[in-house]
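What follows is a set of notes on a single structure, which appears directly below.
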2 protein chains.
Amino acid sequence: MSAFPADPKPLTRIQTKNRAAILDAGLEVFSTFGFRGSTLDQIARAAGLSKPNLLYYFPSKEAIHAELLTGLLSTWLDPLTLMRADGDPVPELLGYVRRKLEMSRQFPRESRLFANEILQGAPRVKAALEGELKDLVDAKAEVIRGWAAAGKIADVHPHHLIFSIWSLTQHYADFDVQIRAVLGEEDPFEGAEAYLDALFTKMLTPA
Amino acid sequence: MSAFPADPKPLTRIQTKNRAAILDAGLEVFSTFGFRGSTLDQIARAAGLSKPNLLYYFPSKEAIHAELLTGLLSTWLDPLTLMRADGDPVPELLGYVRRKLEMSRQFPRESRLFANEILQGAPRVKAALEGELKDLVDAKAEVIRGWAAAGKIADVHPHHLIFSIWSLTQHYADFDVQIRAVLGEEDPFEGAEAYLDALFTKMLTPA
DNA sequence: CGTTTATTTTACCAACCGGTCAAAGCAAGG
DNA sequence: CCTTGCTTTGACCGGTTGGTAAAATAAACG
């Protein structure tokens, strides 16, 4: 007897390993080719499994993609959530920028998975965008508006400030190939951190 | 007898119309689903033709995509090309930002087509990125470096300045769905122009 | 008008797609 | 060692994919 209906059976050692391998392979493939452009064979090969074996662990292509996306969403909002209204405004915002850039550096595939989903019209996350995301952004925009009203930061459009942070940081993950083609050897993220730091410091420091 | 081997036959009225319809439909579909995620049936339907009829005008799916991409590349570089070394530095750069934002507003599908290609690793334009694009960017970066050295603009990393202009302007086309989900009614491009103008003015005006 | 050329359609193909199934192989506990 | 349940595989299915061949139709033109 358990408190909940349907005891969640513990995963076996093999299940844990193979599910992880599949999700990693799915991330690799989906983030490159998008949902429609990816095939189960591609994912199975990348995971080192046969296609039927892959479908033993996940019921469908959709299910793999869905698990990746839902797992991603909260992680993606973390850096913004961590921005505190009671902190020092400029450092709080710069910290947000740095955390977001760090995510692009460490999780470029996740960034591209998200970019692909949005480019395709966000069919599977539109609801979350208009719900959770909008709520969080609206709340944090209100905080920023307060800081501006109190003269602690320059007077900026809060929503567009947030968009610009998303844009600039994610660009280094999503357009990585292009940036490296132009820069050559140089590591993009080195220069990016200094550049974004200077940009937002200038932008936000009140006159 | 002609001066060239293989006279380029003039296109008939119907050819002109149908090729245009196919390219427009291809742009619509490819920009949404990427190359691998798009099907000839989708494109044919969007163009109001049957699939074999579509293949009467273009030899393959690849050919449609290739024509769209090559046609796009020069257009895409125009705004940067128009930035003149002998102009007034800050207005020249702000003009570049405005032209680029205007392209995002007027040609969002082209922007997404390009974004899709880059996300997929730029398999079909990598050479152009490392050639034409890099050459143009390097040249304009040198101009910007000169302006900074002469104290006419603030001291910024020229390449990252250009990346940030790409990023911020294209974001409004590529992530349109997300931005509208957060903003609600408000037209993104209205606020964007004022925001980007203020941002780059602050960033670039020398101390 | 008739004929020559451009266009469109119908029927079709082999390869690939997501997914199923039953049988085979395997690990672990008694 | 042998049973029981977990894991893997190979063969297969109906539908879709990019692309072709040839016949049917429409336009252009003398």
Side-chain angles (χ1 to χ4, degrees), chain A residues 6-69 113 116-117 120 123-124, chain B residues 6-69 113 116-117 120 123-124:
Chain A
D7 285 328
K9 289 186 192 168
L11 298 179
T12 70
R13 181 175 36 90
I14 296 177
Q15 276 167 351
T16 313
K17 191 194 67 177
N18 280 349
R19 283 183 57 96
I22 291 168
L23 287 175
D24 187 75
L27 178 58
E28 186 71 30
V29 176
F30 283 136
S31 69
T32 309
F33 298 106
F35 182 76
R36 291 217 33 193
S38 303
T39 73
L40 285 177
D41 277 303
Q42 262 180 303
I43 299 171
R45 210 176 312 126
L49 299 171
S50 66
K51 189 172 59 172
N53 197 10
L54 184 151
L55 286 162
Y56 170 72
Y57 292 99
F58 288 89
S60 67
K61 183 184 173 183
E62 273 282 346
I64 303 173
H65 192 252
E67 184 138 335
L68 284 169
L69 270 189
L113 179 73
N116 249 311
E117 169 70 10
Q120 286 167 32
R124 301 154 216 275
Chain B
D7 287 327
K9 290 186 192 169
L11 298 179
T12 69
R13 182 175 36 90
I14 296 177
Q15 276 167 353
T16 313
K17 191 194 68 178
N18 279 348
R19 282 182 58 94
I22 290 168
L23 287 175
D24 187 76
L27 178 58
E28 186 70 31
V29 176
F30 282 137
S31 69
T32 309
F33 298 106
F35 181 77
R36 291 220 33 193
S38 303
T39 74
L40 285 177
D41 277 303
Q42 262 180 304
I43 298 171
R45 211 176 311 126
L49 298 171
S50 66
K51 187 172 60 171
N53 198 9
L54 183 152
L55 286 163
Y56 170 73
Y57 291 100
F58 287 88
S60 68
K61 182 184 174 184
E62 273 282 347
I64 304 173
H65 192 251
E67 184 138 335
L68 284 169
L69 270 189
L113 179 73
N116 250 311
E117 170 69 11
Q120 287 168 31
R124 299 152 218 275

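Note on naming: letters A, B, ... go to the chains in the order of the sequence lines (proteins, then strands), and numbering restarts at 1 for each one.
Proximity of Gln15(B) to the phosphate of dA6(C): no side-chain N or O atom is located under 4.0 Å from OP1 or OP2. Checking the phosphate oxygens (OP1, OP2) of dC6(D), no side-chain nitrogen or oxygen of Asn18(A) falls inside 4.0 Å. At the phosphate of dA28(D), neither OP1 nor OP2 sits under 4.0 Å from any side-chain N or O atom of Thr12(B). Ser50(A) has no side-chain polar atom (N or O) that falls below the 4.0 Å cut-off from OP1 or OP2 of dT8(D). Of the side-chain N and O atoms in Asn53(B), none sit less than 4.0 angstrom from OP1 or OP2 of dT10(C). Between dT8(D) and Tyr56(A), no contact under 4.0 Å exists linking OP1 or OP2 to a side-chain N or O. For Arg13(B) and dA27(D), the shortest distance from a side-chain N or O to OP1 or OP2 is not below 4.0 Å.
Computed from coordinates, the Leu54(B) CG to dT9(C) C1' distance equals 14 Å when rounded to whole Å. One atom, CD1 of Ile22(A), and another, P of dG18(C), lie 14 Å apart when rounded to the nearest Å. Here dT17(D) presents its P atom at 8 Å from CD of Gln42(B), a figure rounded to the nearest Å. In this structure, Lys17(B) places its NZ atom 14 Å from P of dA26(D), rounding to the nearest Å. The NE2-P distance, from His65(A) to dG19(C), rounds to 13 Å in whole Å. As rounded to whole Å, 10 Å separates atom P of dG19(D) from atom CD1 of Ile43(B). Regarding Leu49(A), its CG atom lies at a distance of 19 Å from the P atom of dG25(C), rounded to whole Å.
Residue contacts shown for Leu55(A) include a base, since a base heavy atom lies under 4.0 Å away. Nucleic acid contact class of Tyr57(B) (heavy atoms, under 4.0 Å, all strands): sugar-phosphate only.
In this pair, His65(B) and Phe30(B) present their aromatic rings perpendicular. The plane angle is above 60°, beyond the 30 to 60° band.
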Dump every N/O contact between nucleotides 11-17 of chain C and the protein below 3.5 Å, one line per pair.
none

- Message: Walk me through whether Asn116(A) and Asn116(B) qualify under side chain to side chain contact (heavy atoms under 4.5 Å, CB included).
- Response: CA-CA 8 Å; Asn116(A) 249 311; Asn116(B) 250 311; 3.7 Å; yes
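For Glu117(B) (side chain) and Arg124(B) (main-chain N/O), a donor-acceptor pair under 3.5 Å exists by modelled atom type.
The shortest distance between side-chain heavy atoms of Phe35(B) and Glu62(B) falls below 4.5 Å.
The CG atom of Leu23(A) sits 11.0 Å away from the CG atom of Asn18(A) when rounded to the nearest 0.5 Å. Distance CD1/Ile64(B) to OG/Ser38(B): 10.0 Å, rounded to 0.5 Å. Here the straight-line distance linking atom CG of Leu27(B) with atom CD1 of Ile22(B) works out to 13.5 Å at 0.5 Å rounding.
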